[in-house]
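What follows is a short report on a single structure.
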Amino acid sequence: MTRSTLPEPDAGALAHSARLAAHLRAEIQAAEGAAIPFSRFMELALYAPGLGYYSAGADKFGEGGDFVTAPELGPVFAACVAEALAPVLQQIGPEALFLELGGGTGAFAEVALKRLTELDALPDRYAILEPSADLRARQRDRLRQRLPPPLFDLVEWLDGPFPHDWQGVLFANEVIDALPTPRFGIVDGEVHEEHVVIDGEGFARISRPADGFLANAVRHLEQRLERRFADGYRSELLPQLPYWIQAVSGGMKRGAMLFVDYGYPRAEYYLPERDDGTLRAFYRQHVHADPLRWPGLQDITASVDFTALAEAGVGAGFDFTGYCSQASFLMGNGMAGVLERIERIADEGERLRRTEEVKKLTLPSAMGERFQVMGFEKEVEFGAAFLAGDLSFRL
């Protein structure tokens with residue numbers, strides 16, 4: 001997808017992007033060498049207060065937005081995830097808390113709370129850690145309208161992780177892919193970091209020698225892979241992932257963590273032929289390779305290194321539970337019951353919509369294999385959720 005084939009934003013959107021671009025130019029001009037690391041550009045483009053992609057008010061999710069996440073397709077995904085997490089909540093009992101990272105439109109929370117009610121596994125509180133004031137307002141409106149008052153009263157919004165010790169479950173769907181990521185490259189055998197500079201009215205990426213933290217992380221990665229990266233090789237690396245996992249899990253003393261995202265095990269992520277990494281942008285259902293285009297109007301993501309995620313979870317004091325494709329996870333956690341309920345739907349149109357939803361979630365050509373699921377546990381039993389299609393051997 002080239003720039004010329006992308007739909008043109010309207011005047012209001014372009015004006016918004018221009019305001020964020022001015023903010024980015026000011027930061028670049030003030031930086032040493034008039035350049036900022038790409039990770040900082042990504043952070044501001046996505047999260048700058050009131051201006052960043054996730055902080056401002058543009059539609060993002062669903063057919064009318066830039067991309068479609070699993071919970072936005074319909075109720076199947078959230079119902080199956082609730083089925084998987086319900087036994088953990090039941091093991092913990094009345095004090096269990098549920099923490100969702102990034103609540104999207106609130107679609108997941110709506111279905112999950114209803115299904116947990118049916119399973120007699122409601123948490124004491126359902127917390128959504130949502131940095132976007134706009135999304136927080138949308139989630140609150142949706143849940144107030146669609147949940148009965150006793151369920152809505154369980155929901156709260158957080159600015160950060162729980163500040164106290166807690167027990168329960170942490171769930172994150174398509175969150176890690178949006179963490180601001182450093183980009184590295186190999187130049188004459190040395191590790192460089194991608195930076196962003198001003199280029200006329202826009203921005204450009206350049207390469208500069210990496211600092212010790214990133215350079216050491218890349219060399220450590222090469223040791224794990226048992227090979228050196230070739231000159232010209234470029235990719236992403238999240239050396240801060242272990243610290244992020246520790247921060248978001250906070251004081252969890254007992255419970256489980258569940259992550260759903262797109263990505264690869266380490267050996268596949270850093271294949272020699274994948275020599276420009278996985279960085280991409282999403283704009284109005286188009287995927288393209290220009291993350292500097294129209295700051296604030298498009299999502300910027302990179303795939304997840306699931307081997308690194310497994311190491312980070314264990315390093316944070318959790319036991320690794322399992323790793324499988326999204327299709328296998330859903331099939332192993334209530335999909336059979338979902339299919340039976342779909343067959344009983346009297347309205348033919350609704351039955352076809354739900355059938356199509358299941359196909360999108362599970363077919364290898366859609367989300368089924370591209371998205372993967374990883375779980376961790378601490379003093380609970382969560383392994384049953386990963387009995388179908390375990391892929392841990394690939395890590």
Side-chain angles (χ1 to χ4, degrees), residues 61-65 67-90 98 100 103-123 126 142-143 145-148 150-152 154 169 171 173-174 256 258-262 285 321-375 381-391:
F61 308 97
E63 298 297 338
F67 53 85
V68 179
T69 64
E72 315 302 326
L73 291 173
V76 173
F77 176 83
C80 290
V81 171
E83 192 105 10
L85 292 172
V88 176
L89 295 168
Q90 290 166 336
F98 195 118
E100 181 185 0
T105 65
F108 178 86
E110 175 195 343
V111 175
L113 281 165
K114 290 176 179 177
R115 184 60 182 147
L116 290 172
T117 301
E118 296 169 348
L119 296 168
D120 195 24
L122 273 179
Y126 189 105
R142 178 186 183 125
L143 296 178
Q145 293 171 13
R146 302 193 184 196
L147 292 177
L151 282 188
F152 179 74
L154 297 181
V169 299
F171 172 68
N173 179 58
E174 291 195 60
L258 183 66
F259 299 94
V260 183
D261 227 311
Y262 45 81
Q285 309 298 325
T321 305
Y323 168 59
C324 64
S325 71
Q326 177 174 286
S328 294
F329 185 81
L330 298 178
M331 291 297 183
N333 291 282
M335 182 63 81
V338 166
L339 294 173
E340 289 177 7
R341 291 193 291 275
I342 290 174
E343 285 299 314
R344 294 197 296 268
I345 296 175
D347 182 273
E348 183 178 359
E350 178 65 13
R351 188 168 66 251
L352 290 174
R353 281 191 292 274
R354 295 287 74 81
T355 301
E356 186 63 23
E357 177 188 354
V358 170
K359 289 180 180 179
K360 288 180 179 178
L361 290 170
T362 59
L363 287 178
S365 59
M367 291 180 164
E369 301 297 328
R370 188 162 56 92
F371 283 80
Q372 282 138 51
V373 185
M374 182 169 284
E381 172 51 49
F382 188 35
F386 290 88
L387 291 178
D390 181 64
L391 296 176

Can you find a pair of side-chain heavy atoms, one from Y126 and one from E100, that are under 4.5 Å apart?
yes

Please identify each residue that fulfils ring pair (Phe, Tyr, Trp, His ring centres under 6.0 Å) with F152, with sequence neighbours left out.
none

Determine which pairs satisfy ring pair (Phe, Tyr, Trp, His ring centres under 6.0 Å) with at least one residue from residues 338-367, sequence neighbours left out, and list them in order.
none

Enumerate donor-acceptor pairs with a distance under 3.5 Å from any side-chain N or O in residues 110-119 to protein atoms, sequence neighbours excluded.
from : atom 1 : to   : atom 2 : distance (Å)
E110 : OE1    : R142 : NE     : 2.9
E110 : OE1    : R142 : NH2    : 3.1
E110 : OE2    : K114 : NZ     : 3.2
K114 : NZ     : R146 : O      : 3.4
R115 : NE     : E83  : OE1    : 3.3
R115 : NH1    : E118 : OE1    : 2.7
R115 : NH2    : E83  : OE1    : 2.9
T117 : OG1    : L113 : O      : 2.8

Going by atom types alone, do Q372 and Y262 pair a side-chain donor with an acceptor below 3.5 Å?
no

Which distance, rounded to the nearest 0.5 Å, do you find between the CG of D390 and the OG of S325?
10.5 Å

Find the distance between CD (Q90) and CG (L85) and round it off to the nearest 0.5 Å.
11.0 Å

With a 4.5 Å cut-off on side-chain heavy atoms, are L122 and F98 touching?
no

Heavy-atom closest pair (G375 atom, F386 atom, distance to 0.1 Å) is N-CZ, 3.3 Å

Which atom names give the shortest non-hydrogen contact between S328 and G389, and what distance separates them?
OG-CA, 3.8 Å

Please examine the side chains of N173 and D261, heavy atoms only from C-beta on, and report whether any two atoms are closer than 4.5 Å.
no

What one should report as the nearest heavy-atom pair of L154 and P123 is CD1-O, 3.9 Å

Determine, stepwise, if the pair E356 / R353 fulfils side chain to side chain contact (heavy atoms under 4.5 Å, CB included).
CA-CA 5 Å; E356 186 63 23; R353 281 191 292 274; 5.8 Å; no

Closest approach of A70 and M367, non-hydrogen atoms and distance?
N-CE, 3.9 Å

Mind listing the side-chain donor-acceptor pairs of residues 329-343 below 3.5 Å, one per line with the distance, residues two or more places apart or on another chain?
from : atom 1 : to   : atom 2 : distance (Å)
N333 : ND2    : F329 : O      : 2.7
N333 : ND2    : A385 : O      : 2.9

At what distance, to the nearest 0.5 angstrom, does CE of M374 lie from OH of Y323?
6.0 Å

With side chain to side chain contact (heavy atoms under 4.5 Å, CB included) as the criterion, how do L361 and F371 come out once you've worked through the C-alpha distance, each side chain's angles and the decisive distance to 0.1 Å?
CA-CA 9 Å; L361 290 170; F371 283 80; over 6 Å; no

Check for me whether the distance between the ring centres of F108 and F171 falls short of 6.0 Å.
yes

Across all chains, not counting sequence neighbours, the side chain to side chain donor-acceptor pair (under 3.5 Å) partners of T362 are none

Would you indicate whether D120, at its atom CG, is surrounded by more than 12 heavy atoms from other residues, nucleotides or ligands within a distance under 6.0 Å?
no

Gap between atom OG of S365 and atom NZ of K360 - 0.5 Å precision:
11.5 Å

Any side-chain heavy-atom pair of T69 and F77 under 4.5 Å:
no

Between E369 and A327, what is the shortest heavy-atom contact and its length?
OE2-CB, 4.3 Å

Give me the atom names and distance for the closest heavy-atom approach of P75 to R354.
CD-NE, 3.6 Å

Taking only residues two or more places apart in sequence or in another chain, which ones pass side-chain contact (heavy atoms from CB on, under 4.5 Å) with P148?
P150, L151

Short question: side chain of E174, backbone of V260 - any donor-acceptor pair under 3.5 Å?
no

Listed by chain and number, what are the side chain to side chain donor-acceptor pair (under 3.5 Å) partners of R370, not counting sequence neighbours?
none

